[in-house]
Amino acid sequence: MANENRPVRVRFAPSPTGYLHVGGARTALYNYFFAKATGGTFYLRIEDTDRKRYNEAALKDLMRDLKWLGLQWDEGPGCEGSVGPYFQSERLDIYHEQIKKLLDSGDAYYCFCTEERLQEVRKEQEQSGVAVTGYDRHCRDIPREEAEKRIAAGEKAVIRLKVPLTGVTAFEDKIRGHIEYKNEVLDDLVLIKRDGFPTYHFASVVDDHLMGTTHVLRGDEWISSTPKHVLLYKAFGWEAPVWCHLPVILAAGGGKLSKRKGAASVGDFRDLGYLPETLLNFLALLGWNPGGDREVMSVQEMISAFTLDRINPKEAAFDEKKLQWMNGQHIRLKDDAFLLDVMKKGLAEKGIDVSGAPEARLKEIIGLLKPRAHFLQDIPNTAVYFFRAPTEYEEKAKAKQWGAGSRTIARAVREEMMAVEPFTSANIEAAFNALTQKRNCKLGDLVGAVRLAVSGVSAGPGLWELFESVGKNEVIRRIAAAEPFMQE
RNA sequence: GGCGAGUUCGUCUAGCGGUCUAGGACGCUGGCCUCUCACGCCGGUAACAAGGGUUCGAGUCCCUUACUCGCUACCA
């Protein structure tokens, strides 16, 4: 197979009808990985042949999300290559030129059947319970001249492929092996629609060939269309690309992934606070693995390990719990400069300006927050109390931490803190330890009440570090401010 | 209904005829660390869909059944 040996050219060919679904994102990703792993080309083609479903906003989102993921195309909208245009709606002349070849060779024919007649045929087939349903090939043998006369007279028609009545059509799928269909179950599919636009089947075959596609990596919902595509390649006398049908991604409980079952689009996950590298890593592992025990990987590592034959044929369920864990892993891998930026922006949105704070202090805070974050937002969200006194206190924690005796403890801690100089975490810790001696208690008895007073919440970074970062005066002030809410 | 694809712990998976009394990860869970929560570390839980073959030997090959998913549009 020559295509197998040619420099790799692969594509992602979405139709701009809705948001970029994670399944689509993974298809794009595998194409991208394969291109990068082989030194090939990854191009983006927009399949906008369905004028009813076309959606301008979807197209913009699609490209934005692809870029956010880092799946930059080598050719396509915005970076024209030599085989454009990359919008199918701009390639109508090409399809009309190509369809003539099939008409001439007798591999395609005009069909004048109306929607109504087609529906009737279908109904009859269902009622009679025949095994093979589909178009009854009513117009298959209308002579070309007669058909063209009718067209000239203003009659509307579609153009269909003349599928062989007998025999089998087979192809090799790179991850599933040999697949074959009896020709008799294949329909005389429509190639050119009544509105003059090509169908997906026709446009994608013509484009994949003309745009030099060597491998088609697409969702496995296309498997049963593939024999039809193979027949088209044959009719044209073109060599078919290498087929590679990817398994679907299912929702956690099974079934299709959808908005109703939670996040489903790339945009959803971005808004939730996931890193693009997390999504890439997670999606890649849903149906592919490098063989060993490696799981948390960078894009570069995945690319260099990527091969088609390690793609699984099995459908995979999307487990958001694992995604969350993985996001934590990738957050911890991020450098401080990036996280610092996330923190600054997030805080700015809350009206907290940290531009005056020393860089070293901000970095320390990042260091404290990083191991605790699962989502990007967790960083600015928990950073708030480093800069601003709590305006409210966690209800459940109040009941637990500010019961009888807590005010006495708070007061004692506050007095102890006044004497700490300099106010460093080591000195703070020492002061707390001294206090446990004095009061003959444990650290646990001291910490809860003042943590809540200073941060407003019951859990978080180490108290000594927190105190040092907040600063002596402010710590003392915050404790004093909370004391009235505590029990004597 | 027809056709096609798929089937290893709850989930993602390793496994490509003997090294599998089935390994890793997430989850759940016991413990350690510890001022809390995380992180980290140590341990536990749990799977070859079923039945027939082939073979000295099957999670691995073949067949059947069951179940799941997809297609069955002038949508992609």
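Just so it is clear, the values below take in all heavy atoms, side chains as well, and ignore hydrogens, waters and symmetry mates. Residue numbering restarts at 1 for every chain, and letters A, B, ... go by the order of the sequence lines.
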If I take atom [atom1] in residue [X] and atom [atom2] in nucleotide [N], what distance separates them, rounded to the nearest angstrom?
| X | N | atom1 | atom2 | result |
| --- | --- | --- | --- | --- |
| A/Phe375 | B/A38 | CZ | P | 15 Å |
| A/Lys182 | B/C3 | NZ | P | 7 Å |
| A/Asp445 | B/C35 | CG | C1' | 10 Å |
| A/Arg53 | B/C74 | CZ | P | 14 Å |
| A/Lys228 | B/G4 | NZ | C1' | 12 Å |
| A/Trp325 | B/G10 | CH2 | P | 20 Å |
| A/Leu368 | B/U36 | CG | P | 16 Å |
| A/His229 | B/C71 | NE2 | C1' | 11 Å |

ask   = Should A/Lys162 and A/Asp107 be marked as a salt bridge (charged side-chain N to carboxylate O under 4.0 Å, His left out) after you check the CA-CA gap, both sets of side-chain angles, and the distance that decides it?
value = CA-CA 5 Å; A/Lys162 200 176 274 187; A/Asp107 287 304; over 6 Å; no

Output yes when at least one side-chain N/O atom of [X] is less than 4.0 Å from OP1 or OP2 of [N], else no.
| X | N | value |
| --- | --- | --- |
| A/Asn289 | B/A14 | yes |
| A/Asn433 | B/C35 | no |
| A/Gln329 | B/G40 | yes |
| A/Ser224 | B/A5 | no |
| A/Lys193 | B/C75 | yes |

Applying a 4.0 Å non-hydrogen cut-off, can you work out what [X] is touching in the nucleic acid: base, sugar-phosphate, or nothing?
| X | result |
| --- | --- |
| A/Leu118 | base |
| A/Tyr181 | sugar-phosphate |
| A/Gly291 | sugar-phosphate |
| A/Cys441 | nothing |
| A/Ala317 | sugar-phosphate |
| A/Thr49 | sugar-phosphate |
| A/Gly462 | base |
| A/Leu463 | base |

Paired with [N]: which nucleotide, if any, by Watson-Crick or G-U wobble criteria at under 3.5 Å for both distances?
| N | result |
| --- | --- |
| B/U19 | none |
| B/C41 | B/G31 |
| B/A25 | B/U11 |
| B/A47 | none |
| B/G6 | B/C67 |
| B/G1 | B/U72 |
| B/A58 | none |

- Task: Report the residue from A/Glu364, A/Lys370, A/Met343 that forms a side-chain contact (heavy atoms from CB on, under 4.5 Å) with A/Asp336.
- Result: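 The single option meeting the side-chain contact (heavy atoms from CB on, under 4.5 Å) with A/Asp336 is A/Lys370.
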
Working to the nearest 0.5 Å, report the span between [atom1] of [X] and [atom2] of [Y].
| X | Y | atom1 | atom2 | answer |
| --- | --- | --- | --- | --- |
| A/Ser225 | A/Tyr181 | OG | OH | 8.0 Å |
| A/Leu275 | A/Phe338 | CG | CZ | 5.0 Å |
| A/Lys314 | A/Leu286 | NZ | CG | 10.0 Å |

For A/His245 and A/Asp173, what are the C-alpha separation, side-chain angles and deciding distance, and is it a side-chain hydrogen bond (donor to acceptor under 3.5 Å, both in side chains)? CA-CA 7 Å; A/His245 290 95; A/Asp173 185 280; 2.7 Å; yes

For the side chain of [X], starting at C-beta, report the closest nucleotide among [options].
| X | options | value |
| --- | --- | --- |
| A/Arg160 | B/A76, B/C74, B/C26 | B/C74 |
| A/Arg451 | B/C12, B/U36, B/C69 | B/U36 |
| A/Glu115 | B/G4, B/U68, B/C74 | B/C74 |
| A/Ile179 | B/G1, B/C35, B/A5 | B/A5 |
| A/Lys321 | B/G24, B/G27, B/A76 | B/G27 |
| A/Arg310 | B/A14, B/U13, B/A76 | B/A14 |
| A/His374 | B/U36, B/A38, B/U72 | B/A38 |
| A/Lys322 | B/C12, B/C35, B/C75 | B/C12 |
| A/Lys314 | B/U8, B/C74, B/G2 | B/U8 |
| A/Val158 | B/C74, B/C75, B/U13 | B/C74 |

What is the ring orientation for A/His229 with A/His201, classed by angle as parallel under 30°, tilted 30 to 60°, or perpendicular over 60°?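 Tilted: the ring planes of A/His229 and A/His201 meet at 30° to 60°.
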
Specify whether A/Phe306 and A/Tyr30 have parallel, tilted or perpendicular ring planes, treating 30° as the upper limit for parallel and 60° as the lower limit for perpendicular.
->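 Answer is tilted, since the angle falls between 30° and 60°.
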
- Message: Taking B/U45 as the reference, what is the distance to B/G10 when you measure between their C1' atoms (whole Å, please)?
- Response: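 Each nucleotide's C1' atom is 11 Å from the other's.
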
Which whole number of Å gives the distance between the P atom of B/G6 and that of B/U13?
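Comparing P positions in B/G6 and B/U13 gives a spacing of 14 Å.
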
- Name the residue closer to the 5' end of RNA chain B, choosing between A/Gln88 and A/His178 according to the nucleotide with the nearest heavy atom.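 Checking each residue's closest nucleotide, the 5'-ward one belongs to A/His178.
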
Which residue, A/Asp293 or A/Pro461, contacts RNA chain B at a nucleotide closer to its 5' end, judged by nearest heavy atom?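 Result of the comparison: A/Asp293.
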
Side chain of A/Arg372, base of B/C39: donor and acceptor closer than 3.5 Å?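 Counting by modelled atom types and ignoring angles, no donor-acceptor contact under 3.5 Å is found here.
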
**Message:** Ignoring hydrogens and geometry beyond distance, is the side chain of A/Arg332 in donor-acceptor contact with the base of B/C39 at under 3.5 Å?
**Reply:**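 No, no donor-acceptor pair under 3.5 Å.
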
For the aromatic rings, using the six-membered ring if either is Trp, is the centroid distance between A/Phe12 and A/Tyr43 under 6.0 Å?
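Centroid distance A/Phe12-A/Tyr43: not below 6.0 Å, so no.
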
